[in-house]
Amino acid sequence: QVQLVESGGGLVQPGDSLRLSCAASGRIFSGYTMAWFRQAPGKEREFVALIIWNIGSPYYAGSVKGRFTISRDNAKNTVYLQMNTLVPEDTAVYYCALAPRIVSGGDPRRYDYWGQGTQVTVSA
């Protein structure tokens with residue numbers, strides 16, 4: 001069983017940066033996929049980025065590519081999402097997710113474990 005706990009959300013202004021963290025309890029094995037999704041009010045959950053544990057190979061949604069960076073700290077069992085040049089459209093609840101397999105896409109149904117979410121609000 002894996003538990004995921006996100007942190008780092010908050011209220012920022014357009015153009016600011018923010019770093020989200022997702023700490024995983026339990027053993028994370030090579031080949032697991034960890035991802036970030038987000039959900040804005042009235043919208044479906046949207047894929048943001050993923051990384052393959054111990055392998056790397058980050059993959060991003062087009063809307064965040066070049067602005068967001070996903071990374072992981074193997075020793076801390078933690079995945080990060082560095083978000084730069086934030087815009088109001090990035091406002092959402094951000095969720096960390098884990099799939100105990102390699103997942104190549106952003107279909108949320110392929111992820112077995114989810115965190116509780118952390119709110120990110122970008123507003124002037």
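No experiment lies behind these values; they were computed from the predicted model shown.
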Of all the heavy-atom pairs spanning [X] and [Y], show the shortest one and how long it is.
X	Y	value
Ser123	Leu11	CB-CD1, 4.3 Å
Pro100	Asp112	CD-OD1, 3.0 Å
Ile102	Ile55	CD1-CD1, 4.4 Å
Val120	Gly9	CG2-CA, 4.1 Å
Ala40	Ala92	N-CB, 3.8 Å
Thr85	Arg67	O-NH1, 2.9 Å

Nearest-0.5 Å distance that lies between atom [atom1] in [X] and atom [atom2] in [Y]:
X	Y	atom1	atom2	answer
Phe68	Asn84	CZ	CG	8.5 Å
Thr91	Gln119	OG1	CD	7.5 Å
Thr121	Asp90	OG1	CG	11.0 Å
Gln39	Glu44	CD	CD	8.5 Å
Met34	Trp53	CE	CH2	5.5 Å
Gln82	Leu18	CD	CG	8.0 Å

- prompt: For the side chain of Gln116 and the backbone of Val5, is there at least one donor-acceptor N/O pair under 3.5 Å apart?
  reply: no

field: Test item: Arg110 side-chain N/O and Arg101 main-chain N/O as donor-acceptor pair under 3.5 Å
entry: no

Indicate, with yes or no, if [Y] and [X] share a hydrophobic cluster defined by side-chain heavy-atom contacts under 4.5 Å among Ile, Leu, Val, Met, Phe, Trp and Tyr.
X	Y	answer
Trp114	Leu81	no
Val2	Val79	yes
Tyr80	Val12	no
Tyr32	Val103	no
Val93	Phe47	yes

field: Plane angle bin for Tyr111 and Phe37 - parallel if under 30°, tilted between 30 and 60°, otherwise perpendicular
entry: perpendicular

What I'd like to find out is whether the side chain of [X] reaches to under 4.5 Å of the side chain of [Y], using heavy atoms alone.
X	Y	value
Glu89	Ser63	no
Glu6	Leu20	no
Asn77	Ser25	no

Tyr113 atom OH, neighbour heavy-atom count above 12 within 6.0 Å: yes

statement: The complete set of disulfide (SG to SG under 2.5 Å) pairs with one or both residues in residues 79-124, sequence neighbours excluded, reads Cys22-Cys96

